[in-house]
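Read through the structure below, which is laid out as structure tokens, and then see the notes.
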Amino acid sequence: MQEAYELAGQPFNLGSPKQIGEIFFTKLGLPIVKKTPSGAPSTDEEVLEKLAEDFPLPAKLLMHRSLSKLKGTYTDKLGQLANPRSGRVHTHYAQAVAVTGRLSSNDPNLQNIPIRTAEGRRVREAFVAPPGHVIASADYSQIELRIMAHISGDESLLRAFTEGIDVHRATAAEVFGTPVDKVSSEQRRYAKVINFGLIYGMSSFGLAKNLGIETKAAASYIDRYFARYPGVKRYMDETRASAKEQGYVETVFGRRLYLPEINSPNGPRRGGAERAAINAPMQGTAADLIKLSMVAVQDVLDTEGRATKMIMQVHDELVFEVPEAEVEWVRTAVPRIMAEVADLKVPLLAEIGFGPNWDKAH
DNA sequence: AGGTTAAGCGCG
DNA sequence: AAAGCGCGCTTAACCT
């Protein structure tokens with residue numbers, strides 16, 4: 001998109017990294033917050049949010065970035081990609097691209113349709129059901145944390161899921177030493193970031209940056225977490241160790257990810273491999289489970305001669321086009337099949353919603 | 001004209 | 001030295 005703007009009488013283009021750099025860091029004298037891997041001053045979202053505290057231009061650029069992303073990637077593009085015969089967009093799923101065993105989606109990618117902002121959700125609303133049908137979305141609840149509980153065998157984490165407690169709330173109670181029903185919304189928010197961070201092998205440095213706190217404070221949260229969930233600590237240590245010994249890690253169902261850099265003398269590379277080793281069993285087992293679900297659900301649809309169609313997969317979510325007459329059947333059958341697809345040490349939970357479009361189905 | 005890389009950002 | 005896993009798509013800039 002060519003959008004000409006003007007600053008001090010000179011035209012410039014908001015889409016040009018070179019021009020942004022020249023304007024921000026040379027002409028206006030804004031501080032360089034961080035650099036990209038190649039050494040250029042970064043202008044990513046995190047940097048711009050910080051610069052916006054002291055200067056007016058970065059906020060405008062952020063607005064332009066988000067809107068042009070939506071327009072250029074989705075609004076302008078999806079309509080062009082509709083098949084003239086079916087009037088629909090038909091994605092391609094790749095089964096052997098993602099190293100963890102996930103599917104990937106391309107041309108168009110339907111696994112990154114916006115949902116996190118109100119403007120973005122308007123794109124999602126364009127995915128509509130035909131007359132007489134509704135869209136159903138069935139997704140696994142906290143699937144990766146449940147898998148972490150299963151693999152690690154950690155008693156407290158297993159108990160939280162078995163008793164059906166909100167897992168972020170449970171974590172907050174443990175880490176902050178508060179009764180479960182006294183957890184504040186900020187404590188829960190912190191616990192949620194900690195839980196997600198653990199799945200990705202995040203360090204105290206990363207946690208600190210994410211929460212906007214001191215690295216030492218973040219380190220003490222992590223220490224408290226591991227004190228309360230010693231099984232998770234053991235999982236992290238043993239997974240790293242066995243990855244170094246064997247050169248690979250495995251999902252619960254035995255699919256392997258080889259990690260050739262796990263013993264590299266190069267620190268950053270080795271660190272990357274260690275984080276992948278922590279994450280892959282969880283992300284990969286989740287991928288195994290939803291693949292089993294896809295097969296199991298389709299098998300029942302076929303056997304029973306149902307008219308419901310499975311139309312998309314988004315990692316922990318299956319999307320269906322459902323004739324109105326089959327809604328009540330789908331509402332009970334699909335989450336049950338998804339929950340019963342494997343017998344782990346924790347119950348699996350799948351939730352389902354219905355609506356006239358993909359957004360409203362959530 | 002066409003391909004590749006860097007940077008950034010959409011999702012789970 | 002880097003610091004959070006896995007993807008695909010877009011634009012600008014650079015290269016052949």
Side-chain angles (χ1 to χ4, degrees), chain A residues 1-3 13-21 34-48 61-62 64-78 81 91-94 97-117 119-121 123-124 137 139-144 148 193-211 215 218-219 249 257 259 264-284 286-287 290 312-318 358:
Chain A
M1 259 169 294
Q2 303 275 339
E3 314 262 354
N13 187 337
L14 273 181
S16 161
K18 207 177 162 187
Q19 289 188 8
I20 302 285
K34 70 172 173 184
K35 293 188 174 180
T36 68
S38 74
S42 171
T43 70
D44 71 13
E45 196 173 335
E46 183 194 336
V47 167
L48 262 32
L61 180 51
L62 281 169
H64 180 273
R65 286 253 182 98
S66 61
L67 293 175
S68 60
K69 179 84 174 184
L70 292 177
K71 183 173 187 291
T73 307
Y74 305 103
T75 314
D76 288 348
K77 284 283 153 56
L78 285 172
L81 291 169
T91 189
H92 300 256
Y93 288 109
V97 168
V99 295
T100 53
R102 278 185 172 182
L103 302 184
S104 75
S105 161
N106 61 76
D107 297 306
N109 182 356
L110 297 185
Q111 291 178 325
N112 72 343
I113 300 300
I115 193 169
R116 294 174 188 173
T117 67
E119 297 75 29
R121 280 198 294 275
V123 172
R124 192 166 280 243
S137 165
D139 68 289
Y140 278 115
S141 168
Q142 306 295 354
I143 186 73
E144 291 182 355
M148 186 161 84
V193 173
I194 293 170
N195 278 332
F196 273 104
L198 284 165
I199 291 171
Y200 300 144
M202 194 163 65
S203 67
S204 57
F205 178 90
L207 181 63
K209 207 163 64 168
N210 219 293
L211 291 174
T215 305
V249 292
L257 172 64
L259 297 157
S264 169
N266 180 312
R269 286 177 181 270
R270 188 179 61 247
E274 287 177 3
R275 293 189 295 277
I278 299 290
N279 174 261
M282 293 179 273
Q283 186 181 131
I290 198 153
M312 284 188 280
Q313 187 256 45
V314 191
H315 309 309
D316 66 353
E317 170 189 12
L318 298 177
W358 193 7

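Each chain gets a letter, A, B and so on, in the order its sequence line appears, and its residues count up from 1.
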Quiz prompt | Results of side chain to side chain donor-acceptor pair (under 3.5 Å) for A:R270 - residues two or more places apart only | solution = none

Quiz item: DNA chain C in dot-bracket, Watson-Crick or G-U pairs under 3.5 Å, [ ] crossing, | other strand?
Solution: ....||||||||||||

Exercise. Tell me, please, which residues at least two apart from A:R121 pass side chain to side chain donor-acceptor pair (under 3.5 Å).
Key: none

Quiz item: When the nearest nucleotide of DNA chain C is assigned to A:L81 and to A:K18 on a heavy-atom basis, which residue is associated with the more 5' position?
Solution: A:L81

Quiz prompt | Partners meeting side chain to side chain donor-acceptor pair (under 3.5 Å) with A:T117 (sequence neighbours left out) | solution = none

Quiz prompt | Set of residues satisfying salt bridge (charged side-chain N to carboxylate O under 4.0 Å, His left out) with respect to A:K34, sequence neighbours excluded | solution = A:D44, A:E46

Polar atoms only, N or O, under 3.5 Å: list the protein pairs with nucleotides 1-3 of chain C and their distances.
none

Quiz item: By side chain to side chain contact (heavy atoms under 4.5 Å, CB included), which residues pair with A:A218, not counting sequence neighbours?
Solution: A:S204, A:L207, A:A208, A:I213

Self-check item: Non-neighbouring partners of A:I290 that pass side chain to side chain contact (heavy atoms under 4.5 Å, CB included), sequence neighbours left out
Solution: A:Y140, A:Q313, A:L318

Quiz prompt | side chain to side chain contact (heavy atoms under 4.5 Å, CB included) partners of A:V123, counting only residues at least two apart | solution = A:Y74, A:T75, A:L78, A:I113, A:P114

Quiz item: By side chain to side chain donor-acceptor pair (under 3.5 Å), which residues pair with A:S42, not counting sequence neighbours?
Solution: none

Practice problem: Tell me yes or no: between the side chains of A:Q111 and A:S105, is some donor less than 3.5 Å from an acceptor? | Solution: no

Quiz prompt | Letter per nucleotide, 5' to 3', of nucleotides 7-12 of chain B [B base touched, S only sugar-phosphate touched, - untouched; heavy atoms, 4.0 Å] | solution = SBBBBB

Practice problem: Report the residues that fulfil side chain to side chain contact (heavy atoms under 4.5 Å, CB included) with A:S141, sequence neighbours left out, ordered by chain and then residue number. | Solution: A:R146, A:L349, A:E351

